[in-house]
Structures are given as C-alpha cells and as structure tokens.
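Read the structure below first, then the notes.
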Amino acid sequence: MPLLEAAGISKVFGKLTALDGAALSVGEREFHGLIGPNGSGKSTLMKCLAGALVPTRGKVTFINTDVTSLTPPERARAGMSLKFQITAVLPLTLYDNILLALQARSSLLDLAFSRSRGRLHEEVMTLLLQFRLADRAFDAAATLSHGQQQWLEIAMALACRPRLLLLDEPTGGMSLEERRVTGELLQPIKQHCSLVIVEHDLDFIRDICDRLTVLDQGKVLASGTVAEIQANRSVQEIYLRRA
Ligand code: ADP
Ligand code: MG
C-alpha cells in the first residue's frame, strides 16, 4: 500500500473543470514530481491532497486512512505538511517562526510534560542548521533573501516531522544558485519523509525526483519513473507545444 493514494480526483469550479479524474500514488520516502503546463491543475490537486480544497469527486487515502473529508489541521496531525506558493512567514525572528511551527503541532500536554524548553531550543536550532539559517536565527524573517524565506518555510513545514511534505513551486523566483542549494537541502529529508513537489524547472525536478506525474488539462497524461516520462512521446509533445 502506498503512503498516499489519490484516485479519481475531480474538481469543478462553476463551469470550469480544473481536475478530471486525476490520480497520484506516492510511496514511502519517494520524491514525486508533479508537472504540467500552466493551468493544468497542479495546484488544485495539491490543495485536494492537503485538504485546502475538497474534491468534487474522488478519494484521498493517506497511511491506510481515507482522509478525503478531513480538514487541513486533521491531515497535518496524520502526518501531512505543506508549503504553498504564497509566503506564510510571520514578521518575527527566524527562531520564533520555527518555535511557533513546532508549538502549533504539539498538543498542550506534550508541551507541558515531555518537551522541556531546552529540548525545543535544540529542535529549533537543528532545523535552522539543516536549512543553513542558524547564523540568522535572531534576525527578523523579513530580512532574509527570497530564497532563504522559502527555506525557512520548508523548515517550518518539517517542524511537525511529517511523513509527507507537499511543496508547490518552492523555487519560484529563486536564482539558479538558490535552486541548486534547495535541491541539496531537500535530499536529507528523504530519510524520513516523502515529497510531492510542483515545479516548472524540469532540470531541477529530474535531479531530485524518483517518479513524475504529468497533468494536462486536469487529467494525468503519464506517470512513471523520470526515465519513463522523459521517453514519453505525449509528454514531449505537450512541452514542445508550450515552447
Ligand atoms: P496549475 O497549478 O497547474 O497552474 P491550477 O490548479 O492553479 O493550475 O488551476 C487549474 C485551473 O483551475 C485553471 O484554469 C484555474 O484558473 C482554475 N482555478 C484554480 N483555482 C480556482 C478557483 N478557486 N476558482 C476558479 N477557478 C480556479
Ligand atoms: Mg500552480
């Protein structure tokens, strides 16, 4: 049984069918890329996975549980974490942003009894170190570069130790060097977490992903290993059509 299975997902907005029976299957510790032309339904599918949108039809199963009608916080408690295209960093220090992310995901009992202040401090610093932000811990998040803000948000999304991380265009607006670093920063999380990532940069996605799913007009055009997708004639056609 895969970690995440979305089947027959349709989403209708008024007269527009954004998703039309899309499907996605992600295994344990798999990095899965979701690609496709603009408007093909990638963000809508990510929102259906995370619970920000309820699909018109279809079913999302996560760790053997039907989560289709669960709210985003309920899915987060089940081990799903996401970072959206839009920045969600608060006007606080990096340290406090991570601390809040850790606390938001712990129960009060957990905080009161099992997690001492020292332990929380250690967790905050470990995450900041992992994302090469430790030397900026007590700076205001607003002083970070665009790329660093994205890394801070990914660190925040990982604070709850999710089994699945959902990233919608995390490298949007990043420099080439920041993209390269983002790839490096994501690799280690594979030891404990699966990833679904939406990206326009095909080189980036090919480098970090194990499998890809290609959406076109709300439907899955192809799904498979990176090599299979690269060799797929219909996929080549939609990307040529766009160029
Ligand atoms: P992608 O992320 O692949 O660029 P989206 O999932 O954002 O595509 O959008 C797919 C289609 O659904 C687009 O035509 C978009 O305009 C439409 N859409 C997305 N969200 C909404 C919404 N909340 N209301 C109406 N239409 C929407
Ligand atoms: Mg999108």
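Note that ligands are numbered from 1 as they come in the structure, with each ligand's atoms numbered from 1 the same way.
For ligand 1, the atoms sitting less than 4.0 Å from at least one non-hydrogen atom of Leu16 are 11 (C), 12 (O), 14 (O), 17 (C), numbered in the order shown with element in parentheses. Within ligand 1, counting atoms from 1 as listed, the ones closer than 4.0 Å to a heavy atom of Ala18 are 11 (C), 12 (O). Within the listing of ligand 1, atoms 4 (O) sit less than 4.0 angstrom from a heavy atom of Asn38.
Using a 4.0 Å cut-off between charged nitrogen and carboxylate oxygen, Asp210 and Arg29 do not count as a salt-bridge pair.
Checking His200, Glu199, Arg180 one by one against Thr171, the side chain to side chain donor-acceptor pair (under 3.5 Å) holds for a single residue, Glu199.
Assignment of Gly41 to the shell around ligand 1 is supported, since a heavy atom sits closer than 4.0 Å.
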Does the pair Leu166 and Leu164 meet the rule for a side-chain contact (heavy atoms from CB on, under 4.5 Å), with working shown? CA-CA 7 Å; Leu166 305 168; Leu164 175 70; 3.9 Å; yes
Could you go through Trp151 and Leu94, starting from their C-alpha distance and side-chain angles, then the distance that decides it, and tell me whether this counts as side-chain contact (heavy atoms from CB on, under 4.5 Å)? CA-CA 11 Å; Trp151 300 335; Leu94 278 65; over 6 Å; no
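For ligand 1, the polar-atom distance check against Gly39 finds a nitrogen or oxygen pair separated by under 3.5 Å.
In this comparison of Thr44, Ile35, Leu53, the heavy atom closest to atom 6 (O) of ligand 1 sits on Thr44.
The Mg ion (ligand 2) has Ser43 among its coordinating residues (N/O/S atom, backbone or side chain, under 2.8 Å).
For CG of Leu176, the number of neighbouring non-hydrogen atoms (other residues, nucleotides, ligands) closer than 6.0 Å is 12 at most.
A donor-acceptor contact closer than 3.5 angstrom is absent between the side chains of Glu237 and Ser234.
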